[in-house]
Amino acid sequence: MLKMSTLLLRTLRDDPADAEVASHRLLVRAGYVRRIAAGIYSWLPLGYITYRNIEKIVREEMDAAGFQEVHFPAMLPKEPYEKTNRWDEYGDDLFRLQDRRKNDYLLGPTHEEMFTLMVKGEYSSYKDLPLSIYQIQTKFRDETRPRSGIIRGREFVMKDSYSFDLDDEGLAISYEKHRAAYIKTFTRLGLKFNIVSAVSGAMGGSRSEEFLAPCSTGEDTYVLCEKCGYAANVEAMVTKVAPYSGSTPSAPEVFDSPNTPTIDTLVELLNTKFGPGHKGSDTLKNVMLMADKKAISVLVPGDREVDLKRLQANMPGVKEIRVFEDADFAKFPGLVKGYIGPQDAKKNGIEVLADPRIVVGSHWITGANVKDQHVRFLTNGRDFAVDRYIEAAEVRAGDTCPECATPVIIDRAIEIGHIFQLGRKYAQALDLTVLDKDGKSRVVTMGSYGIGVSRAVAAIAEQTHDEIGLSWPREVAPADVHIIATGKEDEVFKTAQTLAEDLEEKGLRIMFDDRRDPSAGVKFKDSELIGIPFIVVVGKALAEGKVEFRIRKSGEKQEIELLKAVSAIYAAVTAS
RNA sequence: CGGGGCGUAGCGUAGUGGCUAGCGCGCUUGCUUUGGGAGCAAGAGACCGGGAGUUCGAAUCUCCCCGCCCCGACCA
């Protein structure tokens, strides 16, 4: 039983000045966490109980799925990470340290290497596979910008699993098992979530999905089709367009277009010059970019911007993409800033990437590569060539679903889980092989699966809180029932104490506000802030032999006969 | 890393060169109060983020450093 008279807890009346998002604000105010440094937090008793409840659910679901729990150190030697090249690739995000002999160590940001080596050390036959193992571990990433309290910290707890299979079919099965286990886990945690397609990125692998918990303060943006259920991270959103069906126009026609620095001004000129009805989407925007020192041109309809994040996600292997600067233009005298068209790209030695909307046969109004001149009827396939199609244009609400062509909606969310088929990268680099039936050595294929355990505390808080405080799902809450004794008569406190003991006897987890000094109002406010799902008030109504039963979420209140209180409360709580 | 903001008691804050740094919450003691963050009285608690400088005098001005928050970039 948690007794508030002795619980290490001080709730705050004011919002902390350094907290912006709701979960952060409330977790601090309700005395769950305290900030130690940027992105580094301590857990107070209430917070740690809540955290452990979540951890327990995650662990139970992993175990139930047949995955085995292991545990690695947080502090790791450099060597395995050098073999996979991540000692360098991870860059400044890696926390590095040295021992007294000046040997290099790191604080693990993720543990692919260690898991791979563990399996390599024990197993060497196909008969040992498949295998899925996991750990719940503190990870360290020196994020350039930790933010939103415990949503993005530099030290956080992650459950990471890895599956090991002989072949792709096996990997697909392991992947499905994890997917199913994740659905159970997040459902039990009381989270609303969407499973969305994600970009596998540089790691390769054939399939990757994210579990996103919708929430306005989330950092991820995703699209959702309410009709067919298609969901994708905007980075992975696919643009589906019909082939060009119009007629092919006559030869391109160059025209004067002074003072048209923006698409809007160009459209205005077009409407004056060639009659009304021209739209930004009739024009073609040529965005010049540098991708790891290579100049590329990205073609998008004039009414859209290039989404650099999406572009990057769809260019695996490319580390840095930035917009053209004056110095870059200087290197390409054929490019007339503000009047660039794709006609001369080949001549200028520039690769042309295009949004799928720029279909073959379609014609566009775009720059003529001459100052103050544009061209119309410039036709894809005839007047210019696209080297490669790419998803790089910004995604908007109302864009069409690639599955069923319904307009999609856009929402923000917190990434709470990520599953993906890793493939053989790590097994290859660390030489994890097994002998197959024929005695031939084969590289194992892996899957990687993560749940942000500490982040889940914040995600649940984000989705469940209201104006007055936290409001946890029962299994996550630090207790099932919050019993408040009000007034000053010993009788009230004795009755409350007995009620608490009886309910605890029945297996409920109880928090008992047995403080003598604070007024009833203070205790009510605290209980609402702390967010335990059921509140029982023993006080005024006791004179009539009653106690008050409240439901935190709905605010419903009812009086219950004291004599029936234990069974009535037990029934109400366990039915929830 | 670029842009913006902030740093005064456990928390929230006032204080733009002048006396002993002010207030609210919280904390301690006493009395009163007791169903929606009670009242009165008396207390404890601050090297004003750190360092250097300007000045008769610095929380306040200057320089350097450190830390924190927000937007962006970044985030297997």
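First the proteins, then the strands, lettered A, B, ... as listed; each starts at 1.
Nearer to the 5' terminus of RNA chain B, by closest-nucleotide assignment, is the contact made by A:P16 (compared with the other of A:G450 and A:P16). For the pair A:T11 and A:D93, nearest-nucleotide mapping onto RNA chain B gives the more 5' position to A:T11.
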According to the Watson-Crick and G-U wobble definition with distances under 3.5 Å, which dot-bracket string, read 5' to 3', encodes RNA chain B, using [ ] for crossing pairs and | for pairs with another strand?
((((((((.[[[[.)..(...]]]].((((((.....)))))).....[[[[[..)....]]]]])))))))....
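The ring-ring contact (aromatic ring centres under 6.0 Å, His included) search around A:F512 returns none, not counting sequence neighbours. A:Y51 meets the ring-ring contact (aromatic ring centres under 6.0 Å, His included) test with A:W43, A:Y48; sequence neighbours excluded. In this view, A:Y105 satisfies the ring-ring contact (aromatic ring centres under 6.0 Å, His included) rule with no residue, not counting sequence neighbours.
Between A:R141 and A:D92, no side-chain nitrogen of the basic residue sits less than 4.0 Å from a carboxylate oxygen of the acidic one, so the salt-bridge criterion is not met. The residues A:D466 and A:R552 are annotated as salt-bridged, a charged nitrogen and a carboxylate oxygen being separated by less than 4.0 angstrom. Salt bridge status for A:R550 with A:E559: absent, with no side-chain N to carboxylate O gap under 4.0 Å. Of the charged side-chain nitrogens involved, none lies within less than 4.0 Å of a carboxylate oxygen, so that A:D355 and A:K285 do not count as a salt-bridged pair.
Among the atoms of the strands shown, none is found under 4.0 Å from any heavy atom of A:S527. Residue contacts shown for A:K523 are absent, as no nucleic acid heavy atom lies under 4.0 Å away. Counting non-hydrogen atoms under 4.0 angstrom, A:A37 reaches the backbone sugars and phosphates but no base. Nucleic acid contact for A:R35: sugar-phosphate only, since backbone atoms but no base atoms lie under 4.0 Å from a heavy atom of the residue. Here A:D92 lies out of heavy-atom contact (under 4.0 Å) with every strand.
Rounding to whole angstrom units, CZ of residue A:R322 and C1' of B:G72 are separated by 17 Å. Here B:G26 presents its C1' atom at 12 Å from CZ of A:R34, a figure rounded to the nearest Å. Here the C1' atom of nucleotide B:A76 and the CG atom of A:D160 are 11 Å apart, to the nearest Å. In this entry the distance linking CZ of A:R86 with P of B:C75 reads 14 Å, nearest Å. Atom CD1 in A:I419 sits roughly 15 Å away from atom C1' in B:A76 (whole-Å rounding). In this structure, A:H418 places its NE2 atom 14 Å from P of B:C75, rounding to the nearest Å. Atom CG of A:L76 is separated from atom C1' of B:A76 by 15 Å (rounded to the nearest Å).
With hydrogens and angles left out, the side-chain atoms of A:T110 and A:E112 include a donor and acceptor closer than 3.5 Å.
A sub-4.0 Å separation between OP1 or OP2 of B:A76 and a side-chain N or O of A:R141 is absent. OP1 or OP2 of B:C74 has at least one side-chain nitrogen or oxygen of A:Q312 nearer than 4.0 Å. Of the side-chain N and O atoms in A:R145, one or more sit less than 4.0 angstrom from OP1 or OP2 of B:C71.
Spacing between B:A58 and B:A21 at atom P, rounded to whole Å, works out to 13 Å. The gap from the C1' atom of B:U28 to that of B:C74 amounts to 49 Å, rounded to the nearest Å. Comparing the P positions of B:G17 and B:C1 gives a spacing of 35 Å, expressed to the nearest Å. The separation of B:A76 from B:G7, taken at their P atoms, amounts to 35 Å, rounded to a whole angstrom. Atom name C1', nucleotides B:U33 and B:C40: the rounded distance is 11 Å, in whole Å. Only the P atoms considered, B:U20 is 31 Å distant from B:G26, to the nearest whole Å. Taking atom C1' on both nucleotides, B:G30 is separated from B:C66 by 45 Å, rounded to a whole Å. Between the C1' atoms of B:C69 and B:G49, the separation comes to 15 Å (whole Å).
Side chain of A:R152, nearest nucleotide from B:C70, B:C75, B:C68: B:C75. Here the side chain of A:E528 is nearest to one of B:G12, B:C1, B:G36, namely B:G36. The nucleotide whose nearest atom lies closest to any side-chain atom of A:Y41 is, among B:C74, B:C69, B:G36, B:C69. Picking from B:U13, B:A76, B:C70 the nucleotide with the shortest atom distance to the side chain of A:M158 gives B:A76.
Taking the six-membered ring wherever Trp is involved, the centroid distance between the rings of A:H418 and A:Y182 does not fall below 6.0 Å. Under the 6.0 Å cut-off for aromatic ring centres, A:F67 and A:H178 qualify, their centroids lying closer than that. The ring of A:F211 has its center closer than 6.0 angstrom to the ring center of A:F186.
Among residue pairs with one or both ends in residues 129-160 of chain A, none qualify as ring-ring contact (aromatic ring centres under 6.0 Å, His included); sequence neighbours excluded.
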In B/S/- notation, 5' to 3', how is nucleotides 27-35 of chain B contacted by protein heavy atoms closer than 4.0 Å?
S------BB
